[in-house]
Amino acid sequence: MSFAALKKSSYFDNLKTEIEKISNPQGQSYTDDRLWKAELDKSGNGYAVIRFLPPSDGEDLPFAKVWSHAFKGPTGQWYIENSLTTIGKDDPVGAINRDLWNSGLEADKQTARNQKRKLSYYSNIYVVKDPLHPENEGKVFLFKYGKKIFDKIVEAAKPQFEDERPVDVFNFWQGANFKLKIVKKDGFWNYDKSEFESPSVLGDFSDGQLEKIYKQQYSLTDFTDPSKFKTYEELEARLNLVLGKVQPRVTPRLDESLEDESEGRGSFNDPDITPASEAPSWTSQVSDHKSAEADDDSLDYFKKLAEEDF
């Protein structure tokens with residue numbers, strides 16, 4: 001504003017509002033309105049029908065892969081951060097986990113397992129049916145999901161039997177609706193009954209209608225934008241605080257991996273990174289998904305985030 005306007009302005013009310021937000025952060029909402037989440041009904045089950053959408057304009061893949069850590073330290077504080085391995089860099093938790101694993105002590109190995117990475121995927125979806133929130137139907141959202149649902153996408157793209165036709169479930173015309181079915185099993189949300197329907201044009205819509213949906217999709221690049229990640233030093237400082245001790249800086253070694261003997265499925269902390277400049281089509285990546293770690297159900301924290309572990 002100009003100097004003349006400054007004298008007459010009444011920005012103080014806005015300033016007080018902003019100060020109140022800063023002083024009382026618990027009153028703020030950190031919900032991302034772009035994200036859609038399933039919910040359980042009164043019977044404890046969940047049901048919805050969604051359609052995975054194709055890559056957004058200017059993007060090569062219909063999903064973004066993000067590695068993260070979420071664990072409770074001996075101080076009682078939580079370490080909940082995205083891992084730098086998402087963008088092909090070394091991460092302080094990985095460095096510490098390598099030392100723990102190489103100590104030869106089973107207790108250290110278990111600590112490393114508890115601190116291992118978790119892989120999540122983000123995709124654009126169209127909500128076909130949402131019984132608990134019908135206002136979401138016919139809208140485009142971002143959807144966060146895990147290895148279990150990605151496995152079903154892979155199974156559709158690379159069927160087990162030769163009489164089954166591969167399906168690109170992200171395709172507007174030849175894809176398939178996904179029936180999300182949730183039941184409680186051992187206290188956790190289970191998605192084993194979820195399945196894809198037969199291939200069909202999304203909503204039997206015309207190309208004009210599909211184009212309108214396409215233009216509503218969100219960019220996925222933010223999830224892997226290096227500028228959105230904390231630096232190694234920032235993550236290390238937070239990690240030291242959660243662990244309650246100062247950890248020596250470990251020389252980054254991206255090429256080193258460790259075998260998780262208890263699970264027998266290879267390295268528990270492999271980077272599994274494809275540089276953006278070399279990213280192939282999504283169907284060429286599906287064979288690599290089995291190197292992703294299983295959901296870390298051993299952490300109590302994931303009981304609160306169970307809906308994100310599918």
>> Phe172: which residues meet the ring pair (Phe, Tyr, Trp, His ring centres under 6.0 Å) condition with it, sequence neighbours left out?
In response: none
>> Using the side chain to side chain contact (heavy atoms under 4.5 Å, CB included) definition, which of the options Leu105, Asn114, Asp108 pairs with Leu100?
In response: Asp108
> Do the side chains of Pro131 and Lys129 get nearer than 4.5 Å, heavy atoms only?
Replying inline: yes
> With Tyr121, which of Phe150, Trp67, Phe143 fulfils ring pair (Phe, Tyr, Trp, His ring centres under 6.0 Å)?
Replying inline: Phe150
> Are Asn124 and Ser56 close enough, and set up right, to give a side chain to side chain donor-acceptor pair (under 3.5 Å), and what steps lead you there?
Replying inline: CA-CA 8 Å; Asn124 281 285; Ser56 298; 3.3 Å; yes
>> According to ring pair (Phe, Tyr, Trp, His ring centres under 6.0 Å), who are the partners of Tyr47, at least two apart in sequence or on a separate chain?
In response: none
> Does one side chain, of Tyr145 or Ser123, offer a donor that lies under 3.5 Å from an acceptor on the other?
Replying inline: yes
> Cut-off 3.5 Å, side chains only: do Trp173 and Asp207 have a donor facing an acceptor?
Replying inline: yes
>> Checking Glu236 against Asn240: is there a side-chain donor and acceptor pair closer than 3.5 Å?
In response: no
> Hey, does Ile149 have a side-chain heavy atom less than 4.5 Å from the side chain of Phe178?
Replying inline: yes
>> Side chains of Glu197 and Lys179, heavy atoms from C-beta outward: is any pair under 4.5 Å?
In response: yes
>> Is there a side-chain contact between Phe52 and Ile153 in this structure, where contact means two heavy atoms from C-beta onward sitting under 4.5 Å apart?
In response: yes
> Step by step, would you call Arg238 with Glu233 a salt bridge (Lys or Arg N to Asp or Glu O under 4.0 Å)?
Replying inline: CA-CA 9 Å; Arg238 175 60 186 171; Glu233 290 72 23; over 6 Å; no
> Side-chain contact, heavy-atom cut-off 4.5 Å: Leu35 with Tyr122?
Replying inline: yes
>> Quick check for you: to the nearest 0.5 Å, what is the distance between Tyr214 atom OH and Asp57 atom CG?
In response: 4.5 Å
>> salt bridge (Lys or Arg N to Asp or Glu O under 4.0 Å) for Glu81 and Lys230? Distances and angles first, verdict last.
In response: CA-CA 9 Å; Glu81 301 287 352; Lys230 295 180 180 179; 2.9 Å; yes
>> Is there a salt bridge (Lys or Arg N to Asp or Glu O under 4.0 Å) between Asp90 and Arg98? Walk through the geometry before answering.
In response: CA-CA 12 Å; Asp90 195 65; Arg98 282 193 289 269; 3.0 Å; yes
>> Run the side chain to side chain donor-acceptor pair (under 3.5 Å) test against Glu135 and tell me which residues pass, sequence neighbours left out.
In response: His133
> Are Ser219 and Glu59 close enough, and set up right, to give a side chain to side chain donor-acceptor pair (under 3.5 Å), and what steps lead you there?
Replying inline: CA-CA 8 Å; Ser219 172; Glu59 299 181 355; 2.6 Å; yes
> Do Trp36 and Asp130 have side chains that get closer than 4.5 Å, going by heavy atoms?
Replying inline: yes
> How are the rings of Phe170 and Phe63 set relative to one another: parallel (under 30°), tilted (30 to 60°) or perpendicular (over 60°)?
Replying inline: tilted
